[in-house]
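Here the structure comes first, spelled out in structure tokens, and everything after it is commentary.
No hydrogens, no waters, no symmetry mates; every other heavy atom, side chains included, goes into these values. Proteins come first, then strands; the chains are lettered A, B, ... in the order of their sequence lines, and each starts at number 1. Predicted, not measured: the structure shown is a model, and the values here were computed from it.
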Amino acid sequence: MEGSGFHVDDGAYTRYAREVDPLGEDVKAAAETHVGPHVTLGGHGFSEMGGESGFSGAYSGRMRALQEKMHRVGGGWQQVGEAARQTDRNYTAVEAEHGDVVRRLGGDLGQDRA
Amino acid sequence: MTEHADQLVRHGLDTTNRFARKLRHDPAAIGGARDAHVALQTSVGTTRDHASAQRVQLVSASSGSTTDRATATSQSLEKEVQDLLDESAEIEQAVAEAAETLHVGEIKNDQVRDQIIKEISASMKALEAVKTIQPPESRGAASRDILMKLQTKISRLTGQAATFSEQTINQLTDIGTRLGGGEQSTSASSASSTKVGSSFNSSNGYSGGSDGGGGGGGGGGGGAVHKPRLPVAIPPQPGSGVAINLPGGKQVMAPNETAAKAVRNALSQLGVPYVWGGTARGVGLDCSGLTMTSYQDAGLQLPRTAAQQTVGAEVPSIDQLLPGDLVVWSGHVAMVIGDGQMVEAGDPVHVSTIRTTNAGQSFIGFYRPTG
């Protein structure tokens with residue numbers, strides 16, 4: 001689409017959506033694989049002293065917060081993919097509308113000539 | 001072996017053994033947590049790079065305000081991904097420091113333990129040699145001398161082990177405090193999440209990159225030193241309260257029977273030696289062990305560590321303190337007994353003037369556990 005101050009190559013937003021789509025799932029999967037299982041440590045963990053000093057609690061708190069943020073950011077990328085697809089649909093609809101107008105104008109002009 | 005020698009051999013290693021139990025950690029689990037952060041940074045770093053490359057690709061295939069909105073949204077989310085990477089690196093660093101601290105603590109404790117074993121072994125040999133001393137009447141004095149020296153050495157070494165343990169827990173507290181502080185600062189930024197509209201080319205579907213609105217974030221955790229939000233303690237009404245007789249003979253009034261009992265319980269421990277991690281009344285107590293057990297015996301359960309004993313209601317100023325109130329620092333706690341005094345587990349448990357300073361620690365506040 002070429003026009004007043006902007007241009008969009010055909011299918012640019014669809015391609016963008018396709019590339020961005022997996023990012024959300026990637027971030028969420030990283031949270032589940034690399035953070036979730038380590039929020040609290042097994043065995044003796046950080047030791048009794050780690051617990052009494054407050055370190056273990058601080059560690060678990062940060063890990064839980066990180067996991068939540070990763071899920072939220074992952075959701076954000078999924079929304080970007082959806083928005084990109086909707087953007088492409090909006091362009092397609094506008095293109096179709098413009099085509100209808102041009103065809104109608106062309107028809108009207110043809111009738112005038114006749 | 002005499003009974004005295006037997007006692008020394010049996011109990012000479014008690015303290016270092018107890019510290020060893022408290023220091024026992026899980027290197028495999030800690031290593032696994034660190035490796036997970038390295039893997040996370042690789043994986044999420046790839047995600048960030050891919051997002052950035054696709055944004056550049058979109059800009060080369062389009063232009064205009066729609067593209068501007070799409071790229072602004074992408075950049076805002078890329079920034080959030082970078083924040084995740086930074087946070088992961090920060091946690092990984094803290095875990096590495098804690099692991100090193102525990103490892104060094106274990107080594108130092110083991111060294112002291114080995115030294116105690118050597119001292120006991122050398123003393124046992126010396127006691128054997130005493131059996132050959134002539135005349136036989138002098139053997140008793142020689143044995144006593146050897147045992148006294150052994151006892152002194154064990155006490156000194158045990159003191160060293162306690163110092164090392166205290167250093168270890170202080171270092172862990174510092175690392176945990178920094179880590180907990182990081183959570184508070186990053187949870188503020190977590191509130192400013194990127195808002196993504198339903199599309200980038202519809203004015204009503206787009207609400208822009210990021211903003212500063214939203215509620216608080218960051219759940220869980222705790223353990224780090226911080227000042228809790230508590231209700232302010234209500235001053236007692238005239239005519240209420242429970243009398244306590246202080247060691248100096250003066251009579252003061254506690255706000256209720258639980259606080260009065262806690263103060264009496266704490267004062268009954270005057271002279272008890274300081275033992276790190278100690279909760280054995282009449283035997284050995286640390287600061288929070290004194291306050292916890294004193295309230296426990298009065299029927300109220302307090303958390304175990306000093307910095308956690310910020311419970312009940314906050315007493316806003318020193319002039320409103322009543323018997324039973326707690327004076328809490330980041331790594332120490334004392335109990336107000338009235339008449340401007342407090343009882344605390346130094347070495348031994350003693351009465352001192354109420355203060356808000358304590359070497360190397362930050363003052364958290366005054367608290368009334370009975371609210």
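His34(A) and Ala36(B) get closest at one heavy-atom pair: O-CB, 3.2 Å. A pairwise comparison of heavy atoms in Tyr59(A) and Val95(B) identifies CE1-CG2, 3.4 Å as the closest pair. Nearest heavy atoms, Ala51(B) versus Leu23(A): CB-CD1, 3.6 Å. Contact between Trp77(A) and Ser74(B) at its shortest, heavy atoms only, is CH2-OG, 3.6 Å. Nearest heavy atom pair, residue Phe19(B) against residue Met49(A), reads O-CE, 4.5 Å. When every heavy atom of His25(B) is checked against every heavy atom of Phe46(A), the shortest pair comes out as CB-C, 4.0 Å.
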Under the criterion salt bridge (Lys or Arg N to Asp or Glu O under 4.0 Å), I'd like the reasoning laid out for Glu80(B) against Lys69(A): C-alpha separation, chi angles, the key distance, then a yes or no. CA-CA 9 Å; Glu80(B) 288 198 49; Lys69(A) 284 180 211 169; over 6 Å; no

Under the side-chain contact (heavy atoms from CB on, under 4.5 Å) rule, what do Phe55(A) and Thr173(B) come out as? Steps first, then yes or no, please. CA-CA 6 Å; Phe55(A) 175 79; Thr173(B) 301; over 6 Å; no

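Taken from CZ in Arg48(B) to CG in Asp26(A), the straight-line distance is 14.0 Å, to the nearest 0.5 Å. With rounding to the nearest 0.5 angstrom, the OG atom of Ser62(B) is 12.0 Å from the CG atom of Asp10(A). Taken to the nearest 0.5 Å, the OG atom of Ser47(A) stands 7.5 Å off from the CD1 atom of Ile30(B). In this structure, Leu102(B) CG and His44(A) NE2 are separated by 12.5 Å, a value rounded to the nearest 0.5 Å. Separation of atoms CZ (Arg85(A)) and OG (Ser198(B)) is listed at 13.0 Å; rounding is to 0.5 Å.
Contacts of Glu82(A) with chain B are made by backbone atoms alone, with heavy-atom separations under 4.5 Å and no side-chain atom involved. For chain A, the nearby parts of Leu77(B) are the backbone and the side chain; heavy atoms of each come within less than 4.5 Å. Contacts between Thr46(B) and chain A at a heavy-atom distance below 4.5 Å are absent for every atom of the residue. Proximity to chain A involves both the backbone and the side chain of Gln54(B), based on heavy atoms less than 4.5 angstrom apart. With a threshold of 4.5 angstrom between heavy atoms, Ile175(B) approaches chain A through its backbone and through its side chain. Both the backbone and the side chain of Leu172(B) come within contact range of chain A, with heavy atoms under 4.5 Å apart. For chain A, the nearby part of Ser43(B) is the side chain; its heavy atoms alone come within less than 4.5 Å. Both the backbone and the side chain of Ser165(B) come within contact range of chain A, each with at least one heavy atom under 4.5 Å from a heavy atom of that chain. With a 4.5 angstrom heavy-atom cutoff, Ala29(A) does not touch chain B via any of its atoms. If you measure heavy-atom distances from His38(A) to chain B, the contacts under 4.5 Å come from the side chain alone. With a threshold of 4.5 angstrom between heavy atoms, Gln41(B) does not approach chain A through any atom at all.
Enclosure of atom CD in Gln167(B) by more than 12 non-hydrogen atoms of other residues, nucleotides or ligands within 6.0 angstrom is indicated. Within a 6.0 Å sphere centred on NE2 of His71(A), heavy atoms belonging to other residues, nucleotides or ligands number more than 12.
Of the possible donor and acceptor atoms, none in the side chain of Ser199(B) sits under 3.5 Å from a partner among the backbone N and O of Ala83(A). At distances below 3.5 Å, not a single donor-acceptor pair connects side-chain atoms of Arg62(A) with backbone N or O atoms of Ile91(B).
Top candidate by heavy-atom pairs under 4.5 Å with chain B, chosen from Thr33(A), Val20(A), Leu66(A), is Leu66(A). When Thr47(B), Leu58(B), Val38(B) are compared by the number of non-hydrogen pairs under 4.5 Å with chain A, Leu58(B) comes out ahead. When Ala29(B), Ala94(B), Ala61(B) are compared by the number of non-hydrogen pairs under 4.5 Å with chain A, Ala61(B) comes out ahead.
Looking at heavy atoms from C-beta onward, Leu40(B) lies in side-chain contact with Met70(A) at the 4.5 angstrom threshold. Side-chain contact between Phe200(B) and Val80(A): present, with at least one pair of heavy atoms (C-beta onward) separated by less than 4.5 Å. In this structure, Tyr91(A) and Thr66(B) have side chains that are in contact, with non-hydrogen atoms separated by less than 4.5 Å. Taking 4.5 Å as the limit, every side-chain heavy atom of Met63(A) sits out of range of all side-chain heavy atoms of Glu87(B).
A salt bridge does not link Arg21(B) with Glu48(A): none of the charged nitrogens is closer than 4.0 Å to a carboxylate oxygen.
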